[in-house]
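Before I ask anything, let me first share the structure, which is written out below as structure tokens.
Lettering follows sequence order; numbering is per chain, from 1. We use all heavy atoms of the structure for the numbers below, so side chains are in, but hydrogens, waters and symmetry mates are not.
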There are 2 protein chains.
Amino acid sequence: MRAQRPNSREKILAAAADVARESGPGSLSLDAVANRAGVSKGGLLYNFPTKAKLMQGLVEGYLRDFEQALETAGSNDKDKNPLAVYIRLSAEDCEEKQPSASWIFSAIAEDPDFMTPIKTFKRQLFERLKGEAPDLKSLLVCYLAIEGLRSMNLFDSDVLSKDERDLLVSSLLDIAQ
Amino acid sequence: MRAQRPNSREKILAAAADVARESGPGSLSLDAVANRAGVSKGGLLYNFPTKAKLMQGLVEGYLRDFEQALETAGSNDKDKNPLAVYIRLSAEDCEEKQPSASWIFSAIAEDPDFMTPIKTFKRQLFERLKGEAPDLKSLLVCYLAIEGLRSMNLFDSDVLSKDERDLLVSSLLDIAQ
DNA sequence: CTTACTGTACCGTCTGGACGGTCTTGTCAA
DNA sequence: TTGACAAGACCGTCCAGACGGTACAGTAAG
């Protein structure tokens, strides 16, 4: 219903993420994205009338996917502790060698305000976890450590070995009970 | 010996950091920096012959300051546990409402390779801590949580209240023994 | 006839950087 | 003490290129 050949949108978004990751966040030009997506510049601007809308599309897609992943992980997982679910999901995300959100740097460079939806999302998530966690101290430590893991993945600083990452995750799950 | 009026360099670096923080990472132009520093564009390019050199100057200054802060904190602090020293120092850094390194986004946008010195620095720091820490699990949790705190500060997502930050730090110091 | 594009040509703006000129400071011979 | 001079530090202007965005004519499918 959204469009007749709707995979163009997704193709463009994926291409934008690819270009941002491979060519660096500062080189995310509309021409580069159009080429990468196999779409003319006119076609790109047909789907996203401005560069800001493109970025907004990236942010919204990311948040949508994340929320959905959290939801399905929450219902599949036998462990009903939401913090543990979040830890496991995040650790899985960070396994990927290629950070799924490296385009964030492009968005920030374009306009720092693109971060506000992400910030409010995170704040809500934290509040939700706080409501269901038995111990504030454990929650703080675990949540921040996961934030650190995500940060490392984003900056792809491969400081930790795989063993160390596994040890960390199991320690966190321990702390989260 | 480095220069006859060497405060120009520092003034320019400070101006660059200010512009990056206030105008957004994508708006860090040489003109803006020159204006902010009270220096002509020619003068700016005299001190830093290219934009890349300017970024490099920011990175080097940041690393130098950080190392020095670690050193003095290590000798002043009665607690000889290096991890505890690092935790306290980092927590102090993150108290500042204005992240001291928001220019990092500008550097990444310019060229992701500007991160490599910072990455190797962090890796070395982590290795050093690992050498002196009694328990790997505690180190991992503490180090990552601090990394998370730094990340939050950088993205200035004010998710934690001051009380929560304090509670986190004391918990980490507990874990670090 | 509408939707969803392609392809091209173009405009205005911004930016990094090169360049020539200018002011300041230190040095040193007379 | 002074004057000549060179090097250092900085100014102001100009330009080529890249970029975001517009306009528009064409077209293939449903």
Side-chain angles (χ1 to χ4, degrees), chain A residues 1-59 103 105-114, chain B residues 1-59 103 105-114:
Chain A
M1 191 216 253
R2 189 75 71 87
Q4 285 180 326
R5 305 175 216 152
N7 46 339
S8 268
R9 265 188 84 91
E10 296 306 315
K11 253 189 355 190
I12 290 172
L13 288 177
D18 288 350
V19 171
R21 181 168 2 90
E22 290 171 17
S23 311
S27 308
L28 188 73
S29 67
L30 296 184
D31 290 279
V33 173
N35 283 339
R36 176 73 180 229
V39 159
S40 73
K41 194 176 174 182
L44 167 60
L45 287 169
Y46 179 81
N47 285 279
F48 299 94
T50 148
K51 196 179 185 182
K53 295 275 181 192
L54 215 202
M55 298 303 186
Q56 195 183 325
L58 281 171
V59 172
W103 50 264
F105 294 125
S106 304
I108 295 180
E110 202 66 26
D111 183 351
D113 289 346
F114 283 121
Chain B
M1 194 214 249
R2 187 76 71 86
Q4 286 179 327
R5 308 176 212 147
N7 47 339
S8 268
R9 266 187 83 93
E10 297 305 317
K11 254 190 356 192
I12 290 172
L13 288 176
D18 288 350
V19 171
R21 182 170 359 91
E22 292 171 16
S23 311
S27 307
L28 187 74
S29 68
L30 296 186
D31 289 282
V33 173
N35 282 341
R36 177 72 181 228
V39 157
S40 77
K41 197 173 174 183
L44 167 59
L45 286 170
Y46 177 81
N47 285 279
F48 299 94
T50 144
K51 197 180 185 182
K53 294 277 180 191
L54 176 62
M55 298 303 185
Q56 196 183 326
L58 281 171
V59 172
W103 50 262
F105 294 125
S106 305
I108 295 179
E110 202 65 27
D111 183 350
D113 289 345
F114 283 122

* Name the residue closer to the 5' end of DNA chain D, choosing between B/G38 and A/P49 according to the nucleotide with the nearest heavy atom. => B/G38

* Asked: Between B/S8 and D/dC10, does any side-chain N or O lie under 4.0 Å from OP1 or OP2?
  -> yes

* How would nucleotides 13-19 of chain D be written as a contact map, 5' to 3', with B for base contact, S for sugar-phosphate-only contact and - for no contact, using protein heavy atoms under 4.0 Å? -> ------S

* Asked: Nearest to the side chain of B/L45, which nucleotide is it out of C/dA4, D/dG8, C/dA18?
  -> C/dA18

* Contacts of A/A34 that satisfy side-chain contact (heavy atoms from CB on, under 4.5 Å) - sequence neighbours left out -> A/L44

* Between atom OH in B/Y46 and atom P in C/dG20, what is the gap in whole Å? -> 17 Å

* Asked: For residues 42-57 of chain A, which residue pairs qualify under salt bridge (charged side-chain N to carboxylate O under 4.0 Å, His left out), counting only residues two or more places apart or in two chains?
  -> A/K51-A/E110

* To do: Indicate, with a heavy-atom threshold strictly under 4.0 Å, whether B/L44 touches base, sugar-phosphate, or nothing.
  => nothing

* How does DNA chain C look in dot-bracket form if you count Watson-Crick and G-U pairs under 3.5 Å, write [ ] for pairs that cross, and put | where a base pairs with another strand? -> ||||||||||||||||||||||||||||||

Tabulate below the donor-acceptor pairs under 3.5 Å that side-chain atoms of residues 20-27 of chain A make, not counting sequence neighbours, or state none.
unit_1	atom_1	unit_2	atom_2	d
A/R21	NH1	A/Q98	OE1	3.2
A/R21	NH2	A/D18	OD1	3.0
A/E22	OE1	A/R36	NH1	2.9
A/E22	OE2	A/R36	NH2	3.3
A/S27	OG	A/S23	O	3.2

* Asked: Can you tell me how far C1' of D/dC10 sits from NZ of B/K11, to the nearest Å?
  -> 11 Å

* Selection residues 23-32 of chain A - residue pairs positive for salt bridge (charged side-chain N to carboxylate O under 4.0 Å, His left out), sequence neighbours left out -> A/D31-A/K41

* To do: Compare side-chain N and O positions of B/N47 against OP1 and OP2 of D/dC10 and report whether any pair is under 4.0 Å apart.
  => yes

* To do: Nearest whole angstrom, please: distance from the P of D/dC10 to the CG of B/N35.
  => 16 Å

* Structure fact -> side-chain contact (heavy atoms from CB on, under 4.5 Å) filter on A/A52, not counting sequence neighbours, yields A/T50, A/F114

